[in-house]
2 protein chains.
Amino acid sequence: MINKILIAEDHEMSTISLQKVLDEIGVTQIEYMYYCDDALASIRHAISRGNSFDLLITDLCFEMDGQEQLINSGQELIQEARILQPELKVLVFSAESKLSTIEKLYNELEIDGYVRKARNDAKELKIAIEEIEKNQRYYPRHLMQLLKQKNVYEFTSFDIAILTLLSEGIRQKDIPEYLQRQGIRPSGLSSVEKKLNFLKEEHKFTTNEQLIAFCKEYGII
Amino acid sequence: MINKILIAEDHEMSTISLQKVLDEIGVTQIEYMYYCDDALASIRHAISRGNSFDLLITDLCFEMDGQEQLINSGQELIQEARILQPELKVLVFSAESKLSTIEKLYNELEIDGYVRKARNDAKELKIAIEEIEKNQRYYPRHLMQLLKQKNVYEFTSFDIAILTLLSEGIRQKDIPEYLQRQGIRPSGLSSVEKKLNFLKEEHKFTTNEQLIAFCKEYGII
DNA sequence: ATAATTTTTACGGGAACCCGTATTGGCTTA
DNA sequence: TAAGCCAATACGGGTTCCCGTAAAAATTAT
């Protein structure tokens, strides 16, 4: 049974609606944290008092604001939380819609559910929590839709590494040494050229500039 | 006095928290619409019954979902709403953080306030509504921060024309003929080169790719 | 282990880009 | 009108990028 929930979320408005939704399904013990570091400390503290959380509801993206934080993403928070409390259930509530990111959450971080901030997110949250309560993973409806239309090209971390370097003003011919320094393989200039050609071909683009513009437009880099 | 509010927002969770916040400041008449088309119809209907809205709170980005809509952005909704009811107050509540987008809202659509979905957005919403109630425009705090770090250089329409062509995949050497076709002067290749060099010099950039990335990042193109 | 296949890297010629200099064209002023 | 000035354009050589082919390395299969 899920009674004690920790919410890690920096948007005040999201915490308000989460409170309302959790009220409606009868959850009484809710704690809010606006920073990942605080959330982690709270988990640690609850364990030490023998009153640990049943569920962590967390966003993925936390905005920087002046004070430096050790952890600043939902992914890291989940990772650290699982070290402290391996059986803790985790429900991610975020606006992220990139398939690869969500797949990683399920496969690598083994989250129990994902609800995207979108139409009917409140209803979906309730269903997700119900499922998790029954020890079942919850897979969101929109994820299924995304899996169907998987014709869209997914940018790999290699693609993004190259595109990021380009967008930072690194010359194409210098990219190999940067890749090597970061331990990314392959790193040959030909591989970089080939990849850029492929990406342009794939999207019917003609120039690097157009490719960079596209990636910026859609938040890929 | 603001008594009757229309909310155009597709995220269910956002409407829940908006309801809570508006309850707390004593607003009683609230209507929710999950699509721009419905929101516009609602405004029209309210006017025809002589009971028009005092304030429109709207998101900017509405997600497509199957059924086709005539209008699908907050910007268009505001524009159409102002045609129907010019004195209608407008408060935008969105996650958008691009300075140029927000500036356009204030300057071109003459909105009365902008609150970004972020830390302390609930508190900010209350303040914004109070200000608007006093017939004053509300400028968000984070906008001021952005304005401070604003790039000193103002991009001219000539700059933007070139950068836009580049971002659309037009080769540098072909840009002159496009400029001529659009009646833009100067149009020589040397002038294009000179301008791109100047822009890169100005921002301490090395490549066109970096320049395009920057312009996309800050919504210049 | 060897062969087959794929992936990665190396190389080279031609196109596009970068950048400095020279020329042209339009505008102001004497 | 002519001289002077500034912006726009034209030109040329050096660099980088583009793109096809070939060699090398890594992976998989036999």
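Proteins get letters first, then strands, A, B, ... in listed order; numbering begins at 1 in each.
- Taking side-chain N and O atoms only, B:Ser191 has a distance below 4.0 Å to OP1 or OP2 of D:dT9.
- Per the geometry, CG belonging to A:Asp174 stands 12 Å off C1' belonging to D:dT15, to the nearest Å.
- Comparing D:dA8, D:dC18, C:dT8 by their nearest atom to the side chain of A:Pro186 picks out C:dT8.
- Between B:Asn197 and C:dC19 there is a side-chain polar atom (N or O) within less than 4.0 angstrom of OP1 or OP2.
- As rounded to whole Å, 8 Å separates atom P of C:dC17 from atom CG of B:Leu189.
- Between A:Glu12 and B:Lys123 a salt bridge is recorded (basic side-chain N to carboxylate O distance below 4.0 Å).
- Taking the six-membered ring where the residue is Trp, A:Phe214 and A:His203 present tilted rings, their angle falling between 30° and 60°.
- Not a single donor-acceptor pair, N or O on each side, falls under 3.5 Å between the base of C:dC17 and the side chain of B:Glu193.
- Across the protein-nucleic acid pair, B:Gln172 atom CD and D:dT9 atom C1' stand 15 Å apart, rounded to whole Å.
- Applying the 4.0 Å criterion to OP1 and OP2 of C:dC18, one finds that B:Lys200 has a side-chain N or O inside that range.
- Atom C1' of nucleotide C:dC17 and atom CD1 of B:Ile170 are separated by 17 Å, given to the nearest angstrom.
- Using a cutoff of 4.0 Å between basic side-chain nitrogens and carboxylate oxygens, A:Glu130 and A:Lys126 are not scored as salt-bridged.
- Between B:Gln210 atom CD and D:dT16 atom C1' the separation is 17 Å, expressed in whole Å.
- When each of A:Arg171 and A:Ser187 is assigned the nucleotide of DNA chain C bearing its nearest heavy atom, the one mapping closer to the 5' terminus is A:Ser187.
- As a whole-Å value, the separation of A:Lys173 NZ from D:dT15 C1' is 9 Å.
- Salt bridge status for B:Asp112 with B:Arg82: present, with a side-chain N to carboxylate O gap under 4.0 Å.
- Note on A:Lys194: a base of the nucleic acid sits closer than 4.0 angstrom, heavy atoms only.
- Comparing D:dC18, C:dA16, D:dT16 by their nearest atom to the side chain of A:Asn208 picks out D:dC18.
- Proximity of a side-chain donor or acceptor of A:Ser14 to a complementary backbone N or O of A:Asp10 within less than 3.5 Å is not detected.
- At whole-Å resolution of the value, NZ in A:Lys195 and C1' in D:dC18 are 18 Å apart.
- Protein atom CG of A:Leu166 is 14 Å distant from nucleotide atom C1' of D:dC18, rounded to whole Å.
- In the set D:dT16, C:dT8, D:dA10, D:dA10 carries the atom at the smallest distance from any side-chain atom of B:Ser190.
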